[in-house]
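Working notes, beginning with the structure itself.
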Amino acid sequence: DEPIVVRAVSVQHPKKVIDAQWPAAPRDFDVFLYPDGLEALPVPVASARFNVDGASAIQTFDTDDHPRPTRYVRFQWRTNHGNPTFVCLY
């Protein structure tokens, strides 16, 4: 329950060549921190794109430099690779 300093985030989804559900893989997303609690305004720290054709099923994205510890991190999925119903994340 200790706060953490977020320097990077990782997203995982099976590669396109082995997963029939690849259209549900995340694509564009944002990451927010809540260093002052959930009632305070979130601090945006990353906007990134997961590549379902990437070299690895696990992709790591650096965050903007934000040295304040937080207990709360939010991912906001903006797009996936074509599934109209949901985003699938591992």
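Since this is a predicted model, take the numbers as computed values, not measurements.
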Minimum heavy-atom distance between Asp1 and Arg71, given as atom pair plus value: O-NE, 2.7 Å

Same cluster (ILVMFWY, side-chain, under 4.5 Å), Val52 and Ile18: no

Heavy-atom side-chain proximity of Val11 to Phe75 below 4.5 angstrom: yes

Gap separating the CG atom of Asn51 from the NE2 atom of His13, nearest 0.5 angstrom: 13.0 Å

Inter-residue atom distance Cys88.SG - Asn83.CG, 0.5 Å rounding: 9.0 Å

Expected output: side-chain Thr79 to main-chain Asp28 donor-acceptor under 3.5 Å: yes

Flag side-chain contact, heavy atom, 4.5 Å: Val6 against His66: no

Minimum-distance pair of heavy atoms, taken over all atoms of Ala8 and Thr63: N-OG1, 3.9 Å

Val73 with Trp77, same ILVMFWY side-chain cluster at under 4.5 Å: yes

Arg68 atom CZ, neighbour heavy-atom count above 12 within 6.0 Å: yes

Non-hydrogen atoms of Thr70 and Pro35 that approach each other most closely: OG1-N, 3.5 Å

Aromatic plane relationship, Phe61 with Phe29 - under 30° parallel, 30 to 60° tilted, over 60° perpendicular: perpendicular

Value rounded to 0.5 Å, distance of CZ in Arg7 from CG in Asp64: 13.0 Å

Leu41 CG: over 12 foreign heavy atoms closer than 6.0 Å: no

Sidechain-backbone polar pair: His81 side chain, Trp22 backbone, donor-acceptor under 3.5 Å: no

Any Ser47 side-chain heavy atom under 4.5 Å of Arg78 side chain: yes

Hydrophobic cluster membership, Leu33 vs Ile4, 4.5 Å side-chain cutoff: yes

Check: Asn80 side chain, Phe86 main-chain N or O, donor-acceptor pair, under 3.5 Å: yes

same_hphob_cluster(Tyr34, Val45) at 4.5 Å side-chain heavy-atom cutoff: no

Over all atoms of both residues, closest heavy-atom pair of Pro14 and Ala57: CA-CB, 4.3 Å

